[in-house]
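Worksheet for the structure shown next.
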Amino acid sequence: MRIINAQVKNNAELVDITIEGGRISTITPSALRSEEDSRADDYDADGRLVTPQFVEAHIHLDYANTAGVPRENASGTLFEAIDIWADRKTQGFHVKEDIKAKALQAARRAAEHGAGFIRTHVDVTDPTFAGFEALAELRDEVREWCDIQIVAFPQNGIFAYEGGQKLISDAMSAGADVVGGIPHLEPTRDDGVESVKWLFDLAEKHSAPIDIHTDEIDDPHSRFVEVLAAEAAKRDMGEQTVVSHSVAMGYYSPGYMARLLPKLAASKVRFAVCPNENLHLQGLGFQNPVPRGVAPVKQLTEWGIPVSFCQDSMNDPFYPMGDGDLLRILDSGLHVSHMLTADHLKNALSFITTNPAGNLGIDNHEITENAPANLLVLDAHSTKEAIQRKASVLLSIHRGKKVLSRKPEQVNWNV
Ligand SMILES: [Zn+2]
């Protein structure tokens, strides 16, 4: 197929994008196309923006659409959510087919908003492995329209939860793609440090990347991010290491940040930041001025450290909202990070396209010749307009195949 009159990267000159064999075969100026050159499978973008498909780099699909069962999160806190989740697992609500159906619903919503790639954390501190098995099946079943990566995530810790080390090892042996972790919830600070080292060993054993829930706590003394960066640097694994959340960074002193940022940049670690959810969870019940609870994305970006904006949860005990809509997440992320300047806006889609593609190890996630044809047509004529108007996805193509399309919204004024 061919997408004609497409705008790429805010360039004024429109282009025609030809897709063959799952790849972008040619990109040529639309102005050079002759009048007679019209094909039955042409899609006329009419000057609209074509971008790489969105990449959701941090979500919990096994938790999706479980809010309210066995009970609502009355306090709204992260810790009550963890308790509710533990109760779900022990009270018989954690059933494979149900998890799979709810996760599919969530993945479809994300795809409708333009996602073609998802990295989902899946709780493996559950001896039944119901969530892991559900997501492993789903990963195979949706391959045609979405690539899913599974992070073996020990929600209750590898030391804090009895048998945690064996469960995460078993999940990696059973086909999980990425090693997860949660050092700030291990019994002590020393246990947390020990867990990071142990998880890196596990990742090395499986030649797998690593993606750790890091310092997701309103505590300036939670500093596992430096442990992660040091360990990644020592093992030359920075590019395969993702620091997820890292909200405690929002509390660090300027003196400590001045020491930390160069070390993070040198280690080559990457970040996954979830602005909407952490704005909800962090600082809950604090006196004014309430902290923001989001990692300092602007500083990280200015240090050349790749950051992705991510959804995290969809309608679960941790977060009652969430629609898998990465443009909405990007909008919040740019606001809370004070990044609405023209320079930052110009490149802002990289937070939900190329940066998360790097987290997932996806090569060549660009609109260039020979790149895999994973792309979107957005109902907008610039990056700024796409974010400002939360543009709808008019066409989504995954591996050269049309996944879904919709018509531009039409409003009929009656006055
Ligand atoms: Zn998370």
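In each ligand, atom 1 is the first atom listed, and ligand 1 is the first ligand listed. All values reported here derive from a predicted model rather than from experimental measurement. What you see below is based on every heavy atom in this structure, not just the backbone, and it leaves out hydrogens, waters and symmetry mates.
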Degrees at the Zn ion (ligand 1) between the NE2 atom of H60 and the OD1 atom of D312, nearest 10°: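 The two atoms form an angle at the metal of about 90°.
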Metal-centred angle, NE2 of H213 through the Zn ion (ligand 1) to NE2 of H245, rounded to 10 degrees: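 Centred on the Zn ion (ligand 1), the NE2/NE2 angle is 90° (to 10°).
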Which pairs would a plain distance check flag for residues 340-356, meaning a side-chain donor or acceptor within less than 3.5 Å of a matching protein atom at least two apart in sequence or in another chain?
residue, atom, partner, partner atom, Å
S350, OG, N347, O, 2.6
T353, OG1, L349, O, 2.7
N355, ND2, V307, O, 2.8

H280/F318 aromatic ring centres below 6.0 Å: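 No, the ring of H280 stays outside the 6.0 Å limit from the ring of F318, centre to centre.
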Closest approach of A371 to E366 (non-hydrogen atoms, all atoms of both residues):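 The pair with the smallest heavy-atom distance is CB-O, 3.4 Å.
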N, O or S from C274 under 2.8 Å to the Zn ion (ligand 1):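 No, outside the cut-off.
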Aromatic F93 / basic K102 pairing, under 6.0 angstrom, 45° off normal: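 No.
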